[in-house]
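Protein chains get the first letters and strands the later ones, always in sequence-line order, with residue 1 at the start of each. Source: prediction; values computed, not measured.
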2 protein chains.
Amino acid sequence: MSKRKPNSRHRRGSAQPTLSQVAELAGVSPITASRALNDPERVNAATRQRILDAMERIGYVPNLVAGSLASARSRFIAVIVPSLANAVFIEVIQGLQATFEAAGYQILLGNTDYDIEREHQLVRTFLGWSCSALVTAGLRHSPACRELLAGCDRPVMEVMELGEALNLNVGLDHREAGGRMARHLLERGYRDIVYVGARMADDYRAGMRYAGHRATLEAAGLEPRLLELDRLGSLEAGAQGLDRVRERFPRTEAIHFANDDLATGALLHALRLGLRIPGDVAIAGFNGLPLGQHVTPRLTTIHSPRGTMGRLAAEQVLRCLAGDEVEARQQDVGFELRIGEST
Amino acid sequence: MSKRKPNSRHRRGSAQPTLSQVAELAGVSPITASRALNDPERVNAATRQRILDAMERIGYVPNLVAGSLASARSRFIAVIVPSLANAVFIEVIQGLQATFEAAGYQILLGNTDYDIEREHQLVRTFLGWSCSALVTAGLRHSPACRELLAGCDRPVMEVMELGEALNLNVGLDHREAGGRMARHLLERGYRDIVYVGARMADDYRAGMRYAGHRATLEAAGLEPRLLELDRLGSLEAGAQGLDRVRERFPRTEAIHFANDDLATGALLHALRLGLRIPGDVAIAGFNGLPLGQHVTPRLTTIHSPRGTMGRLAAEQVLRCLAGDEVEARQQDVGFELRIGEST
DNA sequence: TACAACGATGATAGCGCTAACATGATAGCG
DNA sequence: CGCTATCATGTTAGCGCTATCATCGTTGTA
């Protein structure tokens with residue numbers, strides 16, 4: 001029933017207390033109240049306390065959206081990963097999150113589901129949020145996305161792998177890692193070796209490891225064999241992978257799996273089947289997930305420092321944001337062969 | 001060297017193309033350009049195409065910060081969890097994320113690290129971002145945080161457990177789940193049963209499961225035994241838990257672990273030690289993680305539908321945001337006893 | 001004592017967008 | 001043919017905050 005007053009045209013807003021109200025209560029101007037929060041040193045201690053009290057009293061919550069618009073910068077860091085189902089990305093995210101959060105930044109998490117177009121969309125959205133920096137998992141982007149990232153005038157960090165990066169880069173050499181494991185298998189005397197990947201068109205870093213693996217085998221005069229599964233890595237997929245390898249390549253002595261999930265799934269499945277490991281078949285993985293280190297026999301794998309990768313990447317970005325000179329735009333976190341009893 | 005012109009006082013902004021520039025190029029007013037994006041039906045098709053072309057041409061990226069300020073609502077959903085190290089939360093987040101993302105919402109992820117004050121801080125920050133709704137893992141909050149949530153005038157969803165919720169609630173009854181597993185162990189004939197928890201002051205839902213476990217044992221006239229570890233659940237901790245139980249309660253017939261990580265860690269450790277399961281000791285867990293279903297013997301556990309929980313919660317929140325009447329503010333997703341060979 | 005240097009605070013003017021209302025053209029109706 | 005309904009678009013006025021420049025004492029110094 002209550003008709004809106006005809007004169008007062010607008011009345012919007014969220015009915016939340018505003019900085020102006022705080023300022024009025026404290027008897028200062030809004031800008032001083034703003035400074036009390038964002039640049040406390042520039043405000044007289046007594047005045048500041050009066051302002052903080054007023055905020056407390058009326059339950060003021062800063063409107064960060066307004067602040068970001070006015071200052072043209074947010075305290076958001078965009079983080080874009082291809083999947084949340086993979087423990088590897090989670091650990092990198094944890095490293096990023098802890099470091100950024102400690103510096104007062106909030107993470108905007110995006111999940112591409114291995115869709116490169118989706119990534120482009122996410123980058124647009126995050127730029128629309130005036131994020132301070134972007135972190136993406138991997139170096140592969142659609143051309144439009146790459147252009148957007150190159151021209152966005154803020155730190156762009158690409159993690160997980162090393163290569164021709166747009167700007168900042170922290171990761172490891174997957175090709176080399178794949179080669180390293182292949183060499184280990186050769187050193188152990190295995191000759192009939194199969195590499196098992198899972199959707200390597202999407203998980204292209206697994207493809208890079210395979211490339212290293214293949215090159216090593218070829219250099220040794222052996223014929224590389226590849227089995228590719230059409231679903232992402234999981235324990236279940238690993239079990240299936242083992243079955244398929246035994247069916248297709250019955251003389252196989254060793255299986256080099258694209259990751260620990262696959263490898264552990266195969267290992268547990270092999271135990272169920274009563275196979276001896278590595279007597280009947282040797283199994284190797286990649287990642288160094290805890291899981292593989294708790295089974296018997298322990299999984300031979302290549303450990304990558306994922307938490308560290310996230311932390312280093314975040315520190316690098318923070319340094320950039322602080323305006324410090326960044327010494328190394330590219331950082332190799334390396335990897336480590338961990339030999340268990342499975343090979 | 002180039003002195004700023006003395007008259008033009010300000011010149012800020014990000015040098016990014018704006019809607020006004022798009023509008024000018026397309027020969028319409030800014031509001032029409034705005035509508036072409038946010039409410040396409042209300043704009044003539046030809047005009048709309050002209051506007052979209054103009055956007056494409058100058059590489060316009062919507063400034064979502066400005067849009068949110070003007071409309072007093074963002075498309076953010078705050079999601080607050082106590083940890084990212086636990087697969088359980090990850091799976092809930094995945095369910096939330098997929099559903100919210102499909103509806104055009106962006107998740108703001110917060111990690112409290114089991115610190116209730118940190119949660120309060122996160123809620124403040126997220127409210128400052130004008131998030132459309134909040135999702136928190138669990139019902140426990142600091143009084144100030146609870147007050148903030150109660151008065152924030154947007155959907156608040158509490159997931160994971162059921163109880164006295166602020167507003168919306170999707171979860172399961174942990175007390176009942178703990179009781180259910182205890183009953184199973186009793187039915188199997190075990191009498192000397194130990195419950196192993198890990199930092200239950202923090203992981204208080206594990207404490208609720210223990211309460212159900214204890215009640216069931218007491219009702220059967222048995223004395224409940226508890227072993228608490230001072231670190232969070234992990235395979236490693238589970239192995240340690242088994243050792244401690246065997247040392248402290250040598251006659252133990254069955255161990256009810258607070259979660260699958262602990263249980264699986266113990267199970268694998270037991271196999272390493274050459275113990276028979278369940279002959280020497282029976283092992284049960286909670287969660288229904290894939291891991292436990294791939295070991296031999298398979299782990300007896302209680303499966304909770306975590307992905308579903310996330311999805312249902314998100315759907316409920318979306319319904320609320322759409323203004324639909326919400327039929328049930330509280331939803332029990334239940335749980336399922338999955339009997340493996342470990343008991 | 002005059003003047004620069006500094007510290008504390010304020011006035012003004014937007015940031016880029018959209019809600020609310022307004023306008024003008026066209027269509028539908030008896 | 002005058003009236004209202006509907007559609008397409010425009011005008012106006014902020015959303016709540018902060019960058020920029022301005023002001024006004026106070027202090028230190030020659």
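In summary, of the residues considered (A:His141, A:Arg124, A:Arg140), a side-chain hydrogen bond (donor to acceptor under 3.5 Å, both in side chains) with A:Glu119 occurs for A:His141 alone.
At a threshold of 4.5 Å between non-hydrogen side-chain atoms, the residues B:Ile116 and B:Cys145 do not count as touching. Put simply, the side chain of A:Met160 reaches to within 4.5 Å of the side chain of A:Val88, judged on heavy atoms.
Listed here is the closest heavy atom pair of A:Tyr204 and A:Gly138: OH-CA, 3.4 Å. Taking each heavy atom of A:His120 and A:Ala144 in turn, the nearest pair found is CE1-CB, 3.4 Å. When all heavy atoms of A:Leu312 and A:Val333 are compared, the closest pair comes out as CD1-CG1, 3.7 Å. Contact between A:Leu134 and A:Cys152 at its shortest, heavy atoms only, is CD1-SG, 4.0 Å.
Ion pairing of B:Arg118 with A:Glu101 is present here, as a side-chain N (NZ or NE/NH1/NH2) and a carboxylate O approach within less than 4.0 Å.
Interface residues of residues 43-69 of chain B facing DNA chain D, ordered by number: B:Val43, B:Asn44, B:Thr47, B:Leu69; criterion, heavy-atom separation under 4.0 Å. Near DNA chain D, defined here as any heavy-atom distance below 4.0 Å, the residues from residues 18-27 of chain A are A:Thr18, A:Leu19, listed numerically. Taken residue by residue, residues 30-42 of chain B places heavy atoms nearer than 4.0 Å to DNA chain D at B:Ile31, B:Thr32, B:Arg35, B:Arg42.
OP1 or OP2 of D:dG10 has at least one side-chain nitrogen or oxygen of B:Ser29 nearer than 4.0 Å.
Under the salt bridge (Lys or Arg N to Asp or Glu O under 4.0 Å) criterion, the residue pairs touching residues 27-55 of chain B are B:Asp39-B:Arg42, with sequence neighbours excluded. Listed by first then second residue, pairs satisfying ring pair (Phe, Tyr, Trp, His ring centres under 6.0 Å) with a partner in residues 23-79 of chain B read A:Phe76-B:Phe76, A:Trp129-B:Phe76, not counting sequence neighbours.
Defined by atom type and a distance below 3.5 Å, a donor-acceptor pair is present between the side-chain atoms of A:Arg329 and A:Asn167.
Counted within 6.0 Å of CZ on B:Arg73, heavy atoms from surrounding residues, nucleotides or ligands total 12 or fewer; the atom is thus considered open.
The C1' atoms of five pairs define one axis at each end of the helix from C:dT1-D:dA30 to C:dG30-D:dC1, and these two axes lie 30° apart (to 10°).
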